[in-house]
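Labels below follow one simple rule: chain letters A, B, ... track the order of the sequence lines, proteins then strands, and each chain is numbered from 1.
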Protein chains: 2
Amino acid sequence: MSDSPKARRSDATKAAILAAARERFGHDGYERATIRAIATQAEIDPAMVMRYFGSKEGLFAAAAQFDLRLPDLGALPREEIGRVLVGHFLDVWESGDNFFALLRAAVTNEAAAERMQQLFATQVVPAIAPAITDPKTVPIRAGLIATQMLGLALCRYVLRLPPVVALQREQLIALIGPSIQQRLTGPLA
Amino acid sequence: MSDSPKARRSDATKAAILAAARERFGHDGYERATIRAIATQAEIDPAMVMRYFGSKEGLFAAAAQFDLRLPDLGALPREEIGRVLVGHFLDVWESGDNFFALLRAAVTNEAAAERMQQLFATQVVPAIAPAITDPKTVPIRAGLIATQMLGLALCRYVLRLPPVVALQREQLIALIGPSIQQRLTGPLA
DNA sequence: GTCTATAATTCGATAGAC
DNA sequence: GTCTATCGAATTATAGAC
C-alpha cells in the first residue's frame, strides 16, 4: 500500500502543527502564542511551521478556519429552537480549541475580528433566518443572539466568572434557551 | 502659591502616562501595547514609565483600576431597573477606554482575568443584590446579567458586528433592558 | 526629574547543509 | 523533508550622566 505508517509524513506533521496551533492560539491569544511554543508542542522543528504555512499569520489563517455546523432550524419544532441552539453552541465550544483560538485572537487582532464578522454573516445569520418570520428583523435578532451567546462563551470559558462556570449544561439550556427563543420568535422590544 | 503652572510636574506626568496607557491597552490589548507607544502618546520618555510604575505589569495594574459607579438600584422603581442598568453600562463604556483596557487584557492575561472576576464579585454582585428578592439566586442572576452585558460590549465595541454597532443607545435600552429586568425580577428559568 | 545608551531577551523569519 | 545556525528587529528593563 502507499499508506504505510510512515507514508505521507508531511500531512501528519501539518495536522499536528494545526492542532498545536489551535491549542496555543486558543489558550494564549494571537500575540502570546509563539511559533516556537507551537512547534515544541507539536514535537517538530519551528522551521517546519514556516515551511508549511509561510508565516505566523498564514498559520493562524489555516488554524482559524471554523465551521459552526449549525443545524437546519427550519426542521425543528418552533418552541425548541432556542434550547437546541444553546445546546449546539455548548457542544461546539467544548469540542475543541478552534473557536477560542478565533475568539481570543479577535479581541486584539484586527484581521481575526474581521474573520469573526464573516463567520457571523455567513454562518449565524443564514442559519437562524428560517426561524424568523419577518425577514427585515433577521440581522438585529441575529446580532442580539450573538451578544448573548458570545457573552456566555466569554464569561464561562475566558473570564471564568464563578457563578457562570458553576452552571451545568442542562441548567444553561434551561436558563438561556428561552431567552434565545424570545430573540427569535418573540416581539423585538 | 506652591501650585504654579509647572509645580507638581510629576503628578501631571503620571496622570498623562495613565491616560495614554488606558488608551493603548484599550485599543491594542496587553501584549501589543508597548511602553514605547504609551510614552510617545503621553509625550514623555519611556524611561519615565519605568520610574513611576516599575514595570509594564505595574503600569497595567495602575491603569486597570476601575469603578463601575453602579447606582443604588434599591432607590429605583422596580420596573425601571433593567433599562437604567443598560443605560448606565453604555455610559460607562463610552466614557473612556478604562473598561476596554481591562476587557481586552483579561482575554489573554490571567492576572487581568482575575481582576475582572474581582470587579464582578465586589461591584456587580453587591450592586444588583438589593433588586433581587431571593438572596440565594443573586450570584446566578448576576452571572447571567454579566453574560448579556459583557457580550454586548464584546460584539459592539470589540468585534464590531455590524447589526450590533448599528443599534442606537435608545434602541439598545429598549431591546436589552427588559431582558436584564427579567434576569433580575423574573422567574429564573 | 529627565534623558541617553545599552543590556538581556525573545521573536519571526531566512539561508543552507544534509 | 528535516534540522542547525543565525539574522535583524523589537521588546522590557537597567545603569548612569546631567
[X] [atom1] to [N] [atom2]: how many Å, rounded?
X: B:Met48; N: C:dC3; atom1: CE; atom2: P; result: 7 Å
X: B:Glu43; N: C:dC3; atom1: CD; atom2: C1'; result: 16 Å
X: A:Arg51; N: D:dT4; atom1: CZ; atom2: P; result: 16 Å
X: A:Met50; N: C:dG12; atom1: CE; atom2: P; result: 9 Å
X: B:Ile17; N: C:dG1; atom1: CD1; atom2: C1'; result: 12 Å
X: B:Tyr30; N: D:dT11; atom1: OH; atom2: C1'; result: 12 Å
X: B:Glu31; N: D:dA10; atom1: CD; atom2: P; result: 19 Å
X: B:Asp45; N: D:dC18; atom1: CG; atom2: C1'; result: 14 Å

Side chain of [X]: nearest nucleotide among [options]?
X: A:Arg36; options: C:dC3, D:dG1, C:dA13; result: C:dA13
X: B:Thr13; options: D:dT2, C:dT14, C:dT2; result: C:dT2
X: B:Tyr52; options: D:dG1, C:dC11, C:dG1; result: C:dG1
X: A:Ile35; options: D:dG1, C:dG12, C:dG1; result: C:dG12
X: A:Ala47; options: D:dT4, C:dG1, D:dT2; result: D:dT4

Cationic N near anionic O, under 4.0 Å, [X] to [Y]:
X: A:Glu31; Y: A:Arg104; value: no
X: A:Arg36; Y: A:Asp45; value: no
X: B:Glu110; Y: A:Arg160; value: yes

Requested in this report: Answer with base, sugar-phosphate or nothing: what part of the nucleic acid does A:Ala33 contact at a heavy-atom distance below 4.0 Å?
Outcome: sugar-phosphate

Query raised in the report: Counting N and O atoms only, with roles assigned by atom type, does the side chain of B:Arg24 sit under 3.5 Å from a partner on the main chain of B:Ala101, one being a donor and the other an acceptor?
Result: no

Report task. Please work out which residues in residues 53-62 of chain A have a non-hydrogen atom less than 4.0 Å from an atom of DNA chain C and list them by number. Result -> A:Ser55, A:Lys56

Query raised in the report: Distance only, no hydrogens: is a donor on one side chain within 3.5 Å (strictly under) of an acceptor on the other, for A:Arg183 and B:Ser179?
Result: yes

Query raised in the report: Does the side chain of A:Glu94 pick up a donor-acceptor pair with the side chain of A:Tyr157 at under 3.5 Å?
Result: yes

Requested in this report: Output every pair passing ring pair (Phe, Tyr, Trp, His ring centres under 6.0 Å) with a member in residues 162-186 of chain A, not counting sequence neighbours, ordered by first then second residue.
Outcome: none

